[in-house]
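Have a look at the structure below before the remarks.
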Amino acid sequence: MSSYHFNDIEAKWQANWAKNNTFKAKNPSDSNAELPPSYYVLDMFPYPSGAGLHVGHPLGYIASDVYARYKRHKGFNVLHPMGYDSFGLPAEQYAIQTGQHPAETTKVNIEGGVDKSGKQIEGYRRQLDRIGFSFDWSREVRTSNPEYYKWTQWIFIQLFESWYDEKQDKARPISDLISIFSSEGNTTVQATCDANTESFTAEEWTNLSEAAQQKILLKYRLTYLAETEVNWCPQLGTVLANDEIVNGVSERGGYPVVRKKMKQWSMRITAYAQRLLDGLQTIDWPQPLKDSQTNWIGRSEGASVTFSVKDHDATIDVFTTRPDTIFGVSFMTLAPEHELVGEITSEAQQQAVNEYIEATAKRSERERMADVKTISGVFTGAYAIHPFSGKEIPIWIGDYVLAGYGTGAVMSVPCGDQRDYDFAKHFAIEIPNIFKGVDISEAAFADKENTIITNSDFLNDLSYKEATKKAIEALEAKGHGTGKINYRLRDAVFSRQRYWGEPFPVYYKNGLPQMIALEHLPLTLPEVEKYLPTEDGEPPLGRADVWAWDTKANKVVANTLVDDETVFPLELNTMPGWAGSSCYMFRYMDPNNSDALAATEAMRYWDSVDLYVGGSEHATGHLLYSRFWVKFLYDRGHLLVDEPIKKLINQGMILGESAFVHRVEGEHKLVSAGLANNYNTQPIHADVSLVNTSNELDVAAFKQWRTEFEDAEFITEGEGTFKVSREVEKMSKSKYNVVSPDEICDRYGADTLRMYEMFLGPLEQAKPWNTAGITGVHSFLKKLWKLYHNGANNSFQVTDKPASKDSLKTLHKTIKKVEEDIENFSFNTSVSTFMIAVNELGAQKCNSKEVLQPLLVLISPYAPHIAEELWNKLGHPESIATAQFPVFDEKHLVESSKEYPISFNGKMRFTLELPLDMSKDDIEAAVMAHEKTAHYLEGRSPKKVIVVPGKIVNIVG
RNA sequence: GCCUUGGUGGCGGAAUUGGUAGACGCGCUGGAUUCAAAAUCCAGUUCUUUCGAGAGUGUGGGUUCGAUUCCCACCCAAGGUACCA
């Protein structure tokens with residue numbers, strides 16, 4: 001073989017790797033000998049959609065693969081697995097449309113084939129294989145596989161069987177809590193629980209019925225049933241996510257959506273708020289990502305204050321970060337959903353309040369929050385009593401107060417908070433000023449630092465800090481409040497009214513949830529005839545005929561057998577998307593274990609993920625929930641670590657370059673982009689595959705694709721060429737700018753694709769894909785190939801002759817730079833470095849093995865196929881994958897002289913080669929003696945000459 | 001609004017702690033090779049220029065012998081988001 005036949009080479013080595021299990025990671029149980037140190041490189045696993053991969057998807061996988069391969073060269077036993085997050089909404093939507101079982105379409109999306117509607121699907125696995133990843137496929141997991149989701153169900157049960165002890169600051173078995181209740185009641189225990197939990201004594205507890213006890217325990221369990229507000233769409237009979245709602249109506253169909261309470265499973269993640277915050281200090285994640293988790297958890301310090309309500313028994317609790325401004329309160333605002341609203345509203349205000357509540361229910365939470373300008377609210381007719389002054393304070397409701405944050409009520413201090421200020425102005429409520437020497441006629445004064453309190457009784461003349469402390473002390477003394485830390489973080493709703501998700505291992509006995517024991521798991525998804533909600537609005541599992549739990553036989557039986565004695569109905573909701581992805585990193589450590597999530601021995605060896613690569617869009621979803629579950633399982637002794645991921649890198653998105661043809665407004669004419677300015681035009685997306693690298697449109701093909709333009713006039717420029725304009729957008733099918741990795745592999749090969757993706761720019765940054773530029777890296781690989789094929793007729797030829805000094809220098813500076821780059825995840829600069837090295841070695845006519853052999857190891861993480869082929873030709877029967885990484889030797893880079901830049905007033909004018917061991921004074925003398933120096937000084941005498949040996953000379957004057 | 005990231009040639013981007021701005025690649029220009037094309041190779045390519053030089057890393061200031069890099073203020077773009085009491 002004399003020229004670079006990438007297609008043959010790549011197919012050959014991919015087959016070879018698969019056959020020899022080259023990338024199978026060894027577990028301690030696989031070998032008696034001691035294993036090398038472990039290194040765990042993980043990618044966020046993909047959701048296998050029917051659209052297949054585009055060139056943006058593999059970016060992170062290529063980066064992590066380079067790193068994984070590098071670590072193997074460095075002697076590590078590398079775990080680099082891949083799997084599929086295969087439960088999810090698109091498969092379910094597709095099932096609704098086509099009637100195919102989501103399990104089938106998911107399988108086709110992964111493994112390839114033809115689906116029932118005749119669509120030919122390549123399959124994720126084959127697409128991934130073509131790129132030459134070093135994944136250990138023997139460890140593949142699929143979240144929709146029952147053997148996998150058995151463990152997701154198991155984790156759910158563990159959460160149900162646990163409570164959070166705030167004294168020990170960890171989760172404990174629920175049995176511990178039961179024994180505490182029977183010996184001391186619940187007054188001494190400090191546990192995270194529902195806000196409305198009443199206190200009881202040991203005696204009261206023991207006298208409660210079993211059902212009553214279970215109800216109380218549900219208020220403590222880390223997963224619990226609660227009434228939660230959801231976006232309910234009556235027409236669709238289903239719950240919608242925030243982003244499925246546009247302008248208050250459903251995206252699909254445009255039906256009205258209302259806020260409705262629904263009994264749902266929730267996760268008590270709030271118990272872990274502080275630890276999730278603290279844990280961020282211990283992990284090496286990008287600061288922006290840590291910031292968004294910090295903001296999401298939203299810790300704020302302040303006080304909880306209780307206001308009594310005039311003429312009612314009720315009290316209103318508020319949380320405030322400014323207890324120092326308590327004397328500035330001039331009204332209270334409750335969220336319209338606040339539970340007291342119905343109770344305290346006066347008869348006169350009843351109608352206005354009801355109308356307002358109804359109007360609010362129609363607006364989504366996101367809408368309410370996005371709309372900052374509209375001020376709305378209604379007076380309830382009720383008054384609260386100020387805890388210190390005893391003044392009556394009108395109670396309003398307003399939708400700027402959110403039911404889900406804090407207590408759903410605020411003490412409004414208009415002089416100190418802009419929203420309260422705007423509200424007060426709008427409704428002509430008084431705005432007492434409690435800040436000394438501050439003008440509040442135009443706006444509220446929110447500056448804490450420069451605050452001196454006045455008109456505030458015992459808080460007068462105090463600073464923010466002093467007043468806050470004193471106010472809290474006074475509140476505590478009066479029993480009207482206490483210092484408090486509040487978190488924005490809410491408990492996570494865990495129920496989904498969908499089919500294609502993990503079933504809950506739960507059945508209901510007298511309306512109370514019961515868990516199915518581990519030995520009977522997995523509880524597999526039942527068959528249904530349609531994937532839609534039932535006519536009475538129950539989730540799709542409500543359509544299953546065989547969906548009841550027989551507690552005697554311990555199996556799923558027909559619904560007709562339900563007798564509420566031994567056979568009970570099963571839960572109809574399924575788990576959300578993040579359930580299966582929260583702990584999958586541990587399953588890869590020991591994926592076929594049927595007794596545990598993973599064996600202790602395997603977990604001890606692999607520890608946690610050393611490097612995780614994925615998008616930043618998961619910052620507050622997946623990455624927060626995963627940390628929560630891991631901390632929980634750690635508390636309960638099921639995991640050995642309390643953080644799943646040591647280091648994380650976010651890869652940026654690869655954007656597409658959309659192509660636009662310009663249509664002349666109102667006419668059946670299309671005009672070439674260069675002439676578009678002469679017309680009033682409207683851009684229309686053209687498929688990028690119809691456009692060449694010079695932006696010229698294949699007009700005939702375009703006409704065939706968009707037949708409505710078949711007889712349109714095409715106004716061309718130059719010699720009959722019709723050009724499109726380009727714009728960078730997200731890569732997406734709907735924008736016709738998708739480039740598939742398969743077409744790149746066909747034309748240029750996987751090694752070119754891998755290198756080009758790395759070459760595009762810094763990993764973390766978003767960058768546009770431009771296929772035109774790929775020829776650069778492709779011809780680099782051809783040059784690399786040539787370096788080893790300079791014999792007669794371009795035959796393979798590498799000699800044992802010692803390399804020249806220059807070639808060794810090239811090699812070693814490349815080793816140094818590439819090693820630094822990989823360690824810093826600066827893959828784009830490595831590719832440049834390789835290009836420089838190959839250009840130099842080519843110019844040096846280097847063909848000695850001493851240099852060309854280590855060079856292959858350097859390149860192999862990036863372009864593994866060509867490296868394997870040449871490695872093999874060099875006479876190595878074994879794979880290059882575990883060859884030792886070349887060791888950098890400084891001695892080849894030692895220089896005796898330096899090309900000094902000589903600058904005048906900081907501007908470089910010329911260079912001068914001088915020995916590196918020359919003294920400062922001699923350098924100055926040499927520079928001053930140079931003829932060009934006089935020229936640039938133009939007769940001036942220098943004020944100062946700065947000489948930095950080995951760096952620069954700067955002449956000032 | 002807030003948070004985050006970024007702004008350098010025609011384009012993607014490079015510049016280790018403040019020390020030769022524009023590496024490397026694309027594109028473009030010219031040339032070689034070819035019947036021709038592709039491919040390959042060679043040279044050039046920040047802008048302005050009176051060919052001496054001058055300007056130049058979003059804008060305006062500052063620190064410094066020297067700033068893409070550090071500080072202050074501002075502008076623009078992208079992503080995220082929560083009216084958070």
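Side-chain atoms are counted along with the backbone in the values below, which use heavy atoms only and exclude waters and symmetry mates. Convention: sequence-line order gives letters A, B, ...; per-chain numbering from 1.
- Taking atom C1' in both B/A78 and B/A73, one finds a spacing of 23 Å when rounded to whole Å.
- Backbone-only engagement by A/S779 is indicated by non-hydrogen atom pairs under 4.0 Å involving sugar-phosphate atoms exclusively.
- In terms of position on RNA chain B, the residue among A/D291 and A/E617 whose nearest nucleotide sits closer to the 5' end is A/D291.
- One atom, CG of A/L289, and another, C1' of B/U4, lie 11 Å apart when rounded to the nearest Å.
- For A/I836, the side-chain atoms get nearest to B/A23 when compared with the rest of B/U4, B/G13, B/A23.
- For A/K786, taking side-chain heavy atoms from C-beta onward, the closest of the listed nucleotides B/A14, B/U40, B/C84 is B/U40.
- A/N650 has its CG atom 11 Å from the C1' atom of B/U4, to the nearest Å.
- Annotation: B/G62 and B/A67 have their C1' atoms spaced 11 Å apart (nearest Å).
- Looking at heavy-atom distances under 4.0 Å, A/N295 makes contact with a base.
- Among the heavy atoms of the strands, none lies under 4.0 Å from A/T833.
- Relative ring orientation between A/H622 and A/H618 is described as perpendicular, the plane-to-plane angle rising above 60° on a 0-90° scale split at 30° and 60°.
- Ionic pairing of A/K735 and A/E657 is not present here: no N-O contact between side-chain nitrogen and carboxylate oxygen is shorter than 4.0 angstrom.
- Distance check on atom C1': B/C11 versus B/G27 gives 7 Å, rounded to whole Å.
- When all heavy atoms are compared, the tightest approach of A/N954 to A/N905 is OD1-N, 3.4 Å.
- Nucleic acid contact class of A/N824 (heavy atoms, under 4.0 Å, all strands): none.
- In this model, no donor atom of one side chain and acceptor atom of the other lie less than 3.5 Å apart for A/E727 and A/S658.
- Within 4.0 Å (heavy atoms only), A/E820 reaches at least one base atom of the nucleic acid.
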Test log, rule salt bridge (Lys or Arg N to Asp or Glu O under 4.0 Å), inputs A/E840 and A/K813: CA-CA 12 Å; A/E840 286 180 4; A/K813 78 176 183 196; 2.9 Å; yes
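- Of the candidates B/G13, B/A53, B/U40, the closest approach to any side-chain atom of A/Y936 belongs to B/A53.
- Among B/U81, B/C84, B/C65, the nucleotide with an atom closest to any side-chain atom of A/V956 is B/C65.
- Nucleotides B/G61 and B/G12, compared at atom C1', are 32 Å apart to the nearest Å.
- Side chains of A/T321 and A/E301: a donor-acceptor N/O pair is absent below 3.5 angstrom, by distance only.
- In this structure, a donor-acceptor pair under 3.5 Å is present between the side chains of A/T333 and A/S412.
- Closest to the side chain of A/K944, out of B/A14, B/G12, B/C65, is B/C65.
- In this structure, NZ of A/K932 is placed 13 Å from C1' of B/U20, rounded to the nearest angstrom.
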Treat a base pair as Watson-Crick or G-U wobble with both distances under 3.5 Å, then lay out RNA chain B in dot-bracket form, 5' to 3', with | for cross-strand pairs. (((((((..(((......[....)))((((((.......))))))(((....)))..(((((..]....))))))))))))....
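- Nucleic acid contact class of A/T321 (heavy atoms, under 4.0 Å, all strands): sugar-phosphate only.
- Counting non-hydrogen atoms under 4.0 angstrom, A/T620 reaches nothing in the nucleic acid.
- Ring-plane geometry between A/F888 and A/H812 is classed as tilted, the angle between the planes lying from 30 to 60 degrees on a 0 to 90 degree scale.
- Defined by atom type and a distance below 3.5 Å, a donor-acceptor pair is present between the side-chain atoms of A/K425 and A/Y421.
- Under the 3.5 Å distance criterion, the side-chain polar atoms of A/N650 are matched with a main-chain donor or acceptor of A/G614.
- Under 4.0 angstrom from either OP1 or OP2 of B/C84 there lies at least one side-chain N or O belonging to A/R419.
- Side-chain proximity of A/K783 to the nucleotides B/G12, B/C26, B/C41 is greatest for B/C41.
- Side-chain contact check for A/Y487 and A/T270: no donor-acceptor pair (N or O, by modelled atom type) lies under 3.5 Å.
- Comparing the same atom, C1', in B/U63 and in B/A55 gives a spacing of 23 Å after rounding to whole Å.
- Among the heavy atoms of the strands lying under 4.0 Å from A/N839 are primed sugar atoms or P, OP1, OP2 only; no base atom is included.
- Within residues 945-955 of chain A, the residues approached by RNA chain B to less than 4.0 Å at the level of any non-hydrogen atom are A/I946, A/V948, A/K951, A/I952, A/N954, in residue-number order.
- Spacing between B/G19 and B/U68 at atom C1', rounded to whole Å, works out to 13 Å.
- Here the separation of B/G66 from B/U5, taken at their C1' atoms, is 29 Å to the nearest Å.
- Spacing of C1' atoms, B/A21 relative to B/G13, comes out at 13 Å, to the nearest Å.
- Residue A/K943 is out of contact with every strand shown, counting any heavy-atom pair closer than 4.0 Å.
- Between the P atom of B/C11 and the CG atom of A/L655 lies a distance of 17 Å, rounded to the nearest Å.
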